[in-house]
Chemist: 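Could you have a look at this structure, given as structure tokens, before my questions?
This one's a predicted model, so the numbers in the text were calculated from it and none came from an experiment. Just the heavy atoms: all of them, side chains too, but no hydrogens, waters or symmetry mates, feed the values below.
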Amino acid sequence: MLKLKAEFSQTSSQDEFAKWAKLRRKLDKGMADLEKLSSDINYKASAFELVFKSILFAFVYGSQTIMMLWFRKSPVFYLPPGWFGPAQRFLSLPFAPAALE
């Protein structure tokens with residue numbers, strides 16, 4: 001394409017019209033093919049990116065959910081009884097063990 005473009009720019013449209021027109025058609029066809037190839041590559045790249053991001057999202061949040069469900073009954077830490085008053089029972093829902101009083 002670069003050689004064709006350089007040759008096209010060196011050709012005079014008035015003096016060598018037939019050669020200029022032929023080069024122009026080749027250049028237009030080449031540019032159309034290049035745009036089509038570029039759009040195909042961009043489509044495939046965006047499709048790959050979407051699939052990769054979806055798999056990564058499912059792995060990260062899926063593993064987080066599995067770990068949360070697996071260890072839902074194991075306390076991370078205990079707060080001393082009475083720190084939150086009557087709200088302590090509601091804050092411990094849905095999976096925290098009963099407060100040790």
Chemist: Pairs under 3.5 angstrom only: tabulate donor-acceptor contacts from the side chains of residues 45-53 to other protein residues two or more places apart or in another chain.
Modeler:
from  : atom 1 : to    : atom 2 : distance (Å)
Ser46 : OG     : Asn42 : O      : 3.2
Ser46 : OG     : Tyr43 : O      : 2.9
Glu49 : OE2    : Lys53 : NZ     : 3.2

Chemist: By the rule that ILVMFWY residues connect when side-chain heavy atoms come within less than 4.5 angstrom, directly or transitively, which residues belong alongside Ile41?
Modeler: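 Joined to Ile41, directly or through intermediates: Leu37.
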Chemist: Which residues satisfy the salt bridge (Lys or Arg N to Asp or Glu O under 4.0 Å) test with Lys26, sequence neighbours excluded?
Modeler: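 Checked Lys26 against salt bridge (Lys or Arg N to Asp or Glu O under 4.0 Å); zero matches.
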Chemist: Applying ring pair (Phe, Tyr, Trp, His ring centres under 6.0 Å), name anything that partners Phe8, two or more places apart in sequence or on another chain.
Modeler: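 Testing Phe8 for ring pair (Phe, Tyr, Trp, His ring centres under 6.0 Å), a comparison that skips the adjacent residues, returns Trp20.
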Chemist: Quick one: name the residues clustered hydrophobically with Met67, using the 4.5 Å side-chain heavy-atom rule over I, L, V, M, F, W, Y, and just say none if it's on its own.
Modeler: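 Cluster partners of Met67: Trp70, Phe71.
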Chemist: As an exercise, state the distance from CE of Met1 to CG of Asp33, rounded to the nearest 0.5 Å.
Modeler: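 So the CE of Met1 and the CG of Asp33 are separated by 8.5 Å.
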Chemist: Applying side-chain hydrogen bond (donor to acceptor under 3.5 Å, both in side chains), name anything that partners Lys19, two or more places apart in sequence or on another chain.
Modeler: none
Chemist: Taking side-chain hydrogen bond (donor to acceptor under 3.5 Å, both in side chains) as the test, write out the residues that go with Lys36, two or more places apart.
Modeler: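 By the side-chain hydrogen bond (donor to acceptor under 3.5 Å, both in side chains) rule, Lys36 matches Asp40.
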Chemist: How far does NZ of Lys22 sit from CG of Leu27, to the nearest 0.5 angstrom?
Modeler: 14.0 Å
Chemist: Rounded at 0.5 Å granularity, tell me how far NZ in Lys29 sits from CG in Leu4.
Modeler: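 Going from the NZ atom of Lys29 to the CG atom of Leu4 covers 11.5 Å.
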Chemist: Transitive ILVMFWY cluster of Leu2 at side-chain heavy atoms under 4.5 Å: who else is in it?
Modeler: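 Result for Leu2 is none, singleton.
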Chemist: Quick one: which residue pairs count as a salt bridge (Lys or Arg N to Asp or Glu O under 4.0 Å) with a foot in residues 74-86, not counting sequence neighbours?
Modeler: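 Found none.
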Chemist: Hey, what do you get for CD (Gln10) to NZ (Lys5), rounding to the nearest 0.5 Å?
Modeler: 14.0 Å
